Amino acid sequence: MPELPEVETVANGVHQRIAGDRIEEAWFSSKPEPMKTPPATMAKALTGRTVERVHRVGKHVVFDFAPQAERDPVQWIVHLGMTGRLVVADPEVPRPPHTHGVLMLRSGRELRFVDARRFGRMGLHVFQKSDQAAELPGFRGPGTEPLRISKADFRQLFHKRRTSIKAALLNQTLLHGVGNIYADESLFRAKIRPRRMAARLTIPELDRLHSAVQKVLREAIRLGGSSVSDYVDAAGERGFFQLRHYVYIRTGQPCLVCGTPIRRIVVAGRGTHYCPVCQR
DNA sequence: CATGTTTCCTGACAGC
DNA sequence: TGCTGTCAGGAAACAT
């Protein structure tokens with residue numbers, strides 16, 4: 001499941017492959033779930049645009065385009081959900097099942113959005129003003145970027161939350177980009193139990209968590225993300241961070257630090273993995 | 001507003 | 001073998 005490191009890897013891969021390319025034609029399926037913007041509107045708005053930059057905001061892949069004097073600026077926003085993929089492919093390669101969007105590019109290749117479970121979303125971010133290019137508000141997403149937040153702001157974010165720290169970490173309006181894998185892995189590294197109330201964490205614990213979240217995310221980005229189910233990047237490559245997981249999907253296996261079997265519980269409706277000895 | 005619960009969707013897998 | 005049932009999970013919608 002793509003979280004911040006996987007989305008960053010995908011965005012970088014797509015950028016490398018299609019930056020500078022021009023969208024000659026766009027097609028979107030009629031399935032309503034993935035579309036935050038009507039397919040025809042999206043296709044029309046994207047056709048003729050030149051991709052300038054593909055980057056990540058939270059768990060969103062954001063496409064920037066070269067300015068065009070006669071058109072309002074837009075960004076194309078893609079959320080991969082659980083099973084969404086962005087793949088650059090040659091048109092001769094048959095489109096896989098569950099392809100919901102295709103950008104046909106001047107280079108002859110295609111960018112495809114494929115998503116079996118349809119939890120992914122695509123939409124257009126349309127700018128309000130087209131006259132002041134320098135001050136256009138880019139897509140920001142709801143929460144704070146976990147890789148940029150200071151220790152002080154991190155404490156602030158959680159210290160009044162009357163919910164489990166796991167649920168708080170998953171709340172995208174607080175931190176933007178941490179999902180189930182990296183919540184569990186961060187809590188292990190910070191030695192904090194997932195069910196602890198966020199408001200009851202001490203300052204040293206919150207500081208440890210801040211460091212752990214950033215360390216885990218940075219290391220995961222470095223290794224191309226975690227491939228636990230079927231995640232692959234834009235080139236179809238798997239990530240390697242799953243080899244560094246201490247708890248995620250390791251139920252019953254010995255803790256890599258103390259040997260105690262890893263436990264699985266449900267917190268905030270999510271499968272949650274922790275070491276009962278290392279995490280207090 | 002804050003928090004908890006339900007819903008969407010299909011592939012994978014267990015059990016008969 | 002092949003069917004049925006259950007589960008996974010991000011985030012929006014809905015309920016409390």
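Quick caveat, the model's predicted, so the values are computed rather than measured. Keep in mind that the numbers below use all heavy atoms, side chains included, and drop hydrogens, waters and symmetry copies. To find a chain, count down the sequence lines: A is the first, B the second, and so on, and within it residues start at 1.
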For DNA chain C, list all stems, counting runs of three or more consecutive pairs where every pair is Watson-Crick or G-U wobble with both distances under 3.5 Å. B:2-16 with C:2-16
Which pairs count as side-chain hydrogen bond (donor to acceptor under 3.5 Å, both in side chains) when at least one residue sits in residues 7-16 of chain A, sequence neighbours excluded? A:Glu8-A:Arg56
Mutual orientation of the aromatic rings belonging to A:Phe139 and A:His125 [parallel < 30°, tilted 30-60°, perpendicular > 60°]: perpendicular
Considering residues at least two apart in sequence or located in another chain, which fulfil the side chain to side chain contact (heavy atoms under 4.5 Å, CB included) criterion with A:Glu52? A:Ala66, A:Pro67
Roughly how many Å is it from CD in A:Glu6 to C1' in C:dG9, rounded to a whole number? 14 Å
Heavy atoms only, 4.0 Å cut-off, all strands: where does A:Gly120 land among base, sugar-phosphate and nothing? nothing
Taking any heavy-atom pair under 4.0 Å as a contact, classify A:Tyr248: base, sugar-phosphate, or nothing. sugar-phosphate
Between the protein and nucleotides 10-12 of chain B, which nitrogen or oxygen pairs come in under 3.5 angstrom?
from	atom 1	to	atom 2	distance (Å)
B:dT10	OP1	A:Arg118	NH2	2.4
B:dT10	O2	A:Arg117	NE	3.2
B:dG11	OP1	A:His98	NE2	2.9

Looking only at side chains, do A:Ser107 and A:Arg109 share a donor and an acceptor under 3.5 Å apart? yes
Do A:Ser226 and A:His245 have side-chain N/O donor and acceptor atoms under 3.5 Å apart? yes
Look at the aromatic rings of A:Tyr248 and A:His273 and report parallel, tilted or perpendicular, splitting at 30° and 60°. perpendicular
Side-chain donor-acceptor pair present, A:Lys215, A:Ser186, cut-off under 3.5 Å: no
Lys/Arg N to Asp/Glu carboxylate O, A:Asp184 vs A:Arg270, below 4.0 Å: no
When you compare the protein's N or O atoms with those of nucleotides 3-5 of chain B, which come within less than 3.5 Å of each other, and at what distance?
from	atom 1	to	atom 2	distance (Å)
B:dT3	OP1	A:Arg162	N	2.7
B:dT3	OP2	A:Arg161	NH1	2.7
B:dG4	OP2	A:Thr163	OG1	2.9

Polar atom pairs between nucleotides 11-14 of chain C and protein, under 3.5 Å, N or O only, would you list them?
from	atom 1	to	atom 2	distance (Å)
C:dA11	OP1	A:His79	NE2	2.4
C:dA11	OP2	A:Lys59	NZ	3.1
C:dA11	N6	A:Arg270	NH2	3.3

Around A:Arg95, counting heavy atoms of other residues, nucleotides and ligands shown, do more than 12 lie under 6.0 Å from its CZ? yes
Rounded distance in Å - CE (A:Met82) to C1' (C:dC7): 10 Å
Assign the ring pair A:His100 / A:Phe113 to parallel, tilted or perpendicular, where the plane angle (0 to 90°) is split at 30° and 60°. tilted
Could you check whether A:Tyr182 and A:Phe241 have their ring centres less than 6.0 Å apart? yes
Using a 6.0 Å cut-off, check whether atom CZ of A:Arg208 has over 12 heavy atoms from anything other than its own residue. yes
Salt-bridge contact A:Arg196-A:Glu205 (side-chain N to carboxylate O under 4.0 Å): yes
